[in-house]
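The sequence lines fix the lettering, A, B, ..., with proteins before strands; numbering per chain opens at 1.
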Amino acid sequence: MPDRPHRTGTTTSDLVVVGAGIVGAACAYYATRAGLSVTVVDSGPITGGTTGAGEGNILLSDKEPGPELDLALLSNRQWRSLADLPLDDTTFGRTVELETKGGLVVATGQAELDGLARLAAEQRELGVEALAVPGDRLPEFEPHLTDDVAGGYQYPQDMQVQPMLAAAHLLRLARRAGATVLTHEPVTGFLCDGERVTGVRTDRRDIPAGAVLNAAGTWAGEVAALAGVRVPVAPRRGYILVTEPLPPIIRHKVYLADYVADVASDSAALQTSTVVEGTGAGTVLIGASRERVGFDRTTSLPALRQLAAGAVRLFPILRDVAVLRAYRGFRPYCPDHLPVIGPDPRAPGLHHACGHEGAGIGLSLGTARLVTQSLIGEPPEIDLRPFRPDRFGPEVSR
Amino acid sequence: MTEHLVDLAVIGAGPAGLAAALAAAEAGVRVAVVDAGVRPGGQFWRSPAPGAGPFRPATLHHGWHWFTSTDDRLTELAGTGRVLRLAGHHVWSVQAAGDQWAVHCVLGAEPRQHGTSAPVTVHARRLVLATGAYDRQLPFPGWDLPGVITAGGAQALLKGNLVVAGQRVIVAGTGPFLLPVADGLARHGARVAAVIEANSPLGFARFPGAVLGATGKLGEATGYAGRLLRHRVAVHHRHVVLGALGTDRLTGVLVGRLDRNGRVRAGTERQIDCDVLAVGWGFTPQLELPLQLGCATHLDVDKSLVVTVDDDQATSVAGVWAAGEATGVGGADLATVEGRIAGLAAAASLGADAVADGRPLRRRRSSLRGFASAMHQVYPIPDIVLERCSDETLVCRCEEVDAGSIRRAVVDLGATEARTVKLLARPGMGWCQGRVCGFATACLTARHTGRAVAEPDLRAFADRSIATPVPLGRLAAPLADEQPDGDGG
Amino acid sequence: MSRPREFEILFDGTPLSCRDGWTIGAALTAAGVRSWRTTRHGQRPRGLFCGIGICFDCLVTVNGQPSLRACLVPANPGDDVRTQKGPGR
């Protein structure tokens, strides 16, 4: 957006990261720590896309056993270790408002509760902590929760972070380690040597690089297309309501059991499942809506209404609390709900770290670790095959 | 739930809205006038409740006769069912609904007081947005002390309650609006210790054409100046307030004189005692509704974000017109002319005949806009105020964010535009949603990134999908998003 | 016009004289009260600022209901107006 003089000259890097959101920031930070020289380039400001519209979920509770839970467990460990990193006069965790407050999933009926119990049992086998909380003990966890709930599960490992601060500080740490961050500079094409990707071209310059990482979030499909490969990332719109500042009346991230089903759903129509949590700033965040309407930026009152109704049902105390604002974001959604991570065999030199849907904040650090391991030739900690970029057929319907 | 169906909804009952509503109604169109105020008139013709005290309009108001005659005529038309007057209706959302607009309101003087009272939705085939403006503010040391209020706030207390804001008042900032504020306070018993004006009306000498074109505008200002002289109110031009003094409430201000380069001239700083400082730096148009609808905007001469309109006051969105301060700050006379043009154009689009010849109106608009443009250039915001913001100076009053946090978001964290600063440091994230600190945060961000303030910076603080706080219980209730079958109003 | 009706409201328990038609903010201002809220972080005193419902600085608790804009709420006889601390809840 700001006018700047046209720059000439060439920066050469081991890695160019396309995208300055949480995933690009995390990858840039991990890559610099592994000794790579890194340039981050974004068409807009830092944290200007979906990261800037996120709640900051770092969740295990909503993940069914499978590759995404494996990635979430890896990420959870990464967040916990990064939290203690000394930063300025405090720690990374405190600076980015990382809260280890845990999640509380509640069920309204016995059938739902049974479903939660089955999920919890499977998750526990993989190392997820999930504690059954009978209905009559829920007030000890959330005093203001409606009594119209059958019971729930507490997930102590669930966390919340202020995602914009997290991305900005990861980029800052990367810059301190020598990375360059270029903003408001759209990538217009790729530099190629035969089949091989050897850098990117922006509207201002050519940036040659040993490898290019596509971390462009919801816009990653367009970036991939510039390299001639297809990565079917599509926007899945979501709204969040923000209330007036309140005293800390909601202790956990609290959500209804149907959230898990909604996340995994393939429906394009509007779905909302109630997710309520307090923030360090005192506001309460209310989600989560999902709908596939492209990049439609007009406000959907039905979505806001359903979010409000769900929050009041779960926490009747919120009835007279004012909503100060609502904001929208576009989750980067892949047809199989899994992110795209790793080298692209169709375009050697091009790597991807995108398509994390609504879980990108939480999954960013694990993704960054896998990407970095792959870049420096170490075996990735988790099998990357479920995330491989060429797993989608040419005719996957959106 | 109450629903109304009309041809045209005019949002705002200030000068522009009243003019638009009357023009359209007289052309035969069925009009709803939707306004947050308890009584019509907007900020400009704000009036007290009957019990508030002896009200002498001539001591507070300009153009009062036009207002009362317009208001009376609208009341007459309301009697015939042509006009629907909806006072105390705070619009929180405007949405397209089929080939109509749905205007969603919460009700009351302070809607929050009434919790989840019944909502109202106005359905209209056309919209005129006449949403007005509020005082523009700049941060300075001590501006959060009780006793520091906006110039418009002092005026609203007086016009709406006949209460003077303090015993010993200083009026400061810039622009011709400071004079009627000081005049009104002096006439109603306050001791106005000084008017501290950053610029000088001598600057109008550079715009002789604009002044001649807008007959009466300068005379108006001269009238205030003469009366202030009689009240022994000193008007200090090219002076600025450098700080508000006091611990828990205002006890005085520090002022200084500006030199030719806009710096504080050494040795001119002095303290003036007062219990109230009424300060304003021009106005910020209220754009949340135009932005909800997707109307195109631009930066005006005074660096305000304003709605872009064509010769008919039509916005970039078909079926939506805008008039008054929302399209560029220019005062009540210009607003009434724009409102009339907008009302007539909206009526014509609905097939109304008897639409008056608009050429004289357009000429009048052109000369008044010329004057407004000159005014903005004569009364710019002096750079010195933001330059003097130290890291400790409070910028966002709601979230208590200081200027240092804004600087660090840019310099340390790499924010390049105001929206990113908002996300990283929280200015504009509180109760007022950046209405007060948005302009200053945008300017400070631009300064730290070494560029001029730009449209996206201001949009970041004006784009609000919920225009006024709504209780969750209210938002949760069903809304009439669809076109109703019949006329509920 | 008939003489304005006057009544009392309570501010932190102290009776203040108020004219019919005034807002709570006007009544407090007329009585010389300048602040009736403290901020959430710095516990700083705040009162009237914009006076027209824009800034939310004048939030006050009236008859037990927190976070109302004093500049907008009409005063009624016997209103129990209280200084609001922090979020007011």
(request) Please look at B:Ala415 and chain A and tell me whether the side chain, the backbone, both or neither of the residue comes under 4.5 angstrom of a heavy atom of that chain. (result) backbone
(request) Output the option from B:Arg426, B:Glu399, B:Arg464 having the highest count of non-hydrogen pairs under 4.5 Å with chain A. (result) B:Arg426
(request) Tell me whether the guanidinium CZ or amine NZ of B:Lys303 lies under 6.0 angstrom from the six-membered ring centre of B:Phe439 and within 45° of its axis. (result) no
(request) Could you have a look at A:Leu324, A:Ile286, A:Thr299 and say which one has the most heavy-atom pairs with chain B under 4.5 angstrom? (result) A:Leu324
(message) Which atoms of A:Leu171 are under 4.5 Å from chain B, going by heavy atoms: the side chain, the backbone, both sets, or neither?
(response) neither
(request) Sort out for me which of B:Ile466, B:Leu413, B:Asp463, B:Thr468 touches chain A most, counting heavy-atom pairs under 4.5 Å. (result) B:Leu413
(request) Ignoring hydrogens and angles, state whether a donor on the side chain of B:Glu3 or B:His123 is under 3.5 Å from an acceptor on the partner side chain. (result) yes
(message) Is it the case that the side chains of B:Thr449 and B:Arg451 hold a donor-acceptor pair, with the cut-off being a distance below 3.5 Å and no angle test?
(response) yes
(message) Between A:Asp148 and A:Thr146, do the side chains contain a donor N or O and an acceptor N or O under 3.5 Å apart?
(response) no
(request) Check whether A:Val323 gets within reach of chain B through its side chain, its backbone, both or neither, counting any heavy atom under 4.5 Å. (result) both
(request) Examine the side chains of B:Thr297 and B:Arg459 and answer whether a donor and an acceptor come within less than 3.5 Å of each other. (result) yes
(message) Among A:Gln306, A:Arg175, A:Gln162, which residue has the highest count of heavy-atom pairs closer than 4.5 Å to chain B?
(response) A:Arg175
(message) So for B:Thr420, is it side chain, backbone, both, or neither that comes closer than 4.5 Å to the heavy atoms of chain A?
(response) side chain
(message) Taking the basic N atoms (NZ, or NE/NH1/NH2) and the acidic carboxylate oxygens, is any pair closer than 4.0 Å for A:Asp88 and B:Arg408?
(response) no
